[in-house]
Engineer: 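Let me give you the structure first, and then I'll get to my questions.
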Amino acid sequence: MPAPGPVVQVSATGGSALLAALALLGLAVAAGLSLLIAYEALKGYRGTRDRAMLFLAVGIVLLTAGPIALRIALPTLTDAPGSVRLLSTTVSELLGLGCILYAIYGRP
């Protein structure tokens, strides 16, 4: 009889492993879609050299993909307290909104 292969045990704090996996999948899809939108805006910038499109692309990344990456990376890779994680994601979102507003109303 062959020896059994390695057993992978998955656990989640505060809920089921399935719910945690679905949440991570949702975050990955949201980040992917935002990067796709930013890529299209960047292609528009490269074609027209309209700096508003560049600020729009940067703003979308900072508003959506940046906070998602920070929410996953900071607790995984560091032992930063919750207040630092919250502050970093909020700063990223505010910078993203600022870039988008500048793209709309400013004269880049």
Engineer: Please find the pair of heavy atoms, one from Ala103 and one from Phe55, that lie closest to each other, and give the distance.
Structural biologist: CB-CB, 3.9 Å
Engineer: Among residues two or more places apart or on two chains, list those pairs meeting salt bridge (charged side-chain N to carboxylate O under 4.0 Å, His left out) that have a residue in residues 24-36.
Structural biologist: none
Engineer: For a side-chain contact (heavy atoms from CB on, under 4.5 Å) with Ile60, tell me which candidate from Val58, Leu56, Leu63 qualifies.
Structural biologist: Leu56
Engineer: Under the side chain to side chain contact (heavy atoms under 4.5 Å, CB included) test, which residues partner Leu77, sequence neighbours left out?
Structural biologist: Ala73
Engineer: If hydrophobic clusters are built by linking Ile, Leu, Val, Met, Phe, Trp and Tyr wherever their side-chain heavy atoms come under 4.5 Å apart, do Ile37 and Leu101 end up in the same one?
Structural biologist: yes
Engineer: Taking only residues at least two apart or on different chains, which pairs with a member in residues 17-33 satisfy side chain to side chain donor-acceptor pair (under 3.5 Å)?
Structural biologist: none
Engineer: Would you mind listing every salt bridge (charged side-chain N to carboxylate O under 4.0 Å, His left out) that reaches into residues 97-106, with sequence neighbours excluded?
Structural biologist: none
Engineer: Only distances under 3.5 Å count here; give the side-chain donor-acceptor pairs of residues 40-49 to other protein atoms, sequence neighbours excluded, each with its distance to 0.1 Å.
Structural biologist:
from: Thr48; atom 1: OG1; to: Gly44; atom 2: O; distance (Å): 2.8
from: Thr48; atom 1: OG1; to: Asp50; atom 2: N; distance (Å): 3.2

Engineer: How would you list all residue pairs meeting salt bridge (charged side-chain N to carboxylate O under 4.0 Å, His left out) that involve residues 25-37, not counting sequence neighbours?
Structural biologist: none
Engineer: Apart from Leu24 itself, what residues make up its hydrophobic cluster when side-chain heavy atoms of I, L, V, M, F, W and Y under 4.5 Å apart count as a link, directly or indirectly?
Structural biologist: Leu27, Ile68, Ile72
Engineer: Other members of the hydrophobic cluster containing Leu70, with the 4.5 Å side-chain heavy-atom rule, please.
Structural biologist: Leu74
Engineer: Report the residues that fulfil side chain to side chain contact (heavy atoms under 4.5 Å, CB included) with Ser83, sequence neighbours left out, ordered by chain and then residue number.
Structural biologist: Pro81
Engineer: Kindly list each side-chain donor-acceptor pair under 3.5 angstrom involving residues 86-97, sequence neighbours excluded, with atom names and distances?
Structural biologist:
from: Ser88; atom 1: OG; to: Val84; atom 2: O; distance (Å): 3.2
from: Ser88; atom 1: OG; to: Arg85; atom 2: O; distance (Å): 2.9
from: Thr89; atom 1: OG1; to: Arg85; atom 2: O; distance (Å): 3.1
from: Thr89; atom 1: OG1; to: Leu86; atom 2: O; distance (Å): 3.0
from: Thr90; atom 1: OG1; to: Leu86; atom 2: O; distance (Å): 2.8
from: Ser92; atom 1: OG; to: Leu62; atom 2: O; distance (Å): 2.7
from: Glu93; atom 1: OE2; to: Arg71; atom 2: NH2; distance (Å): 3.2

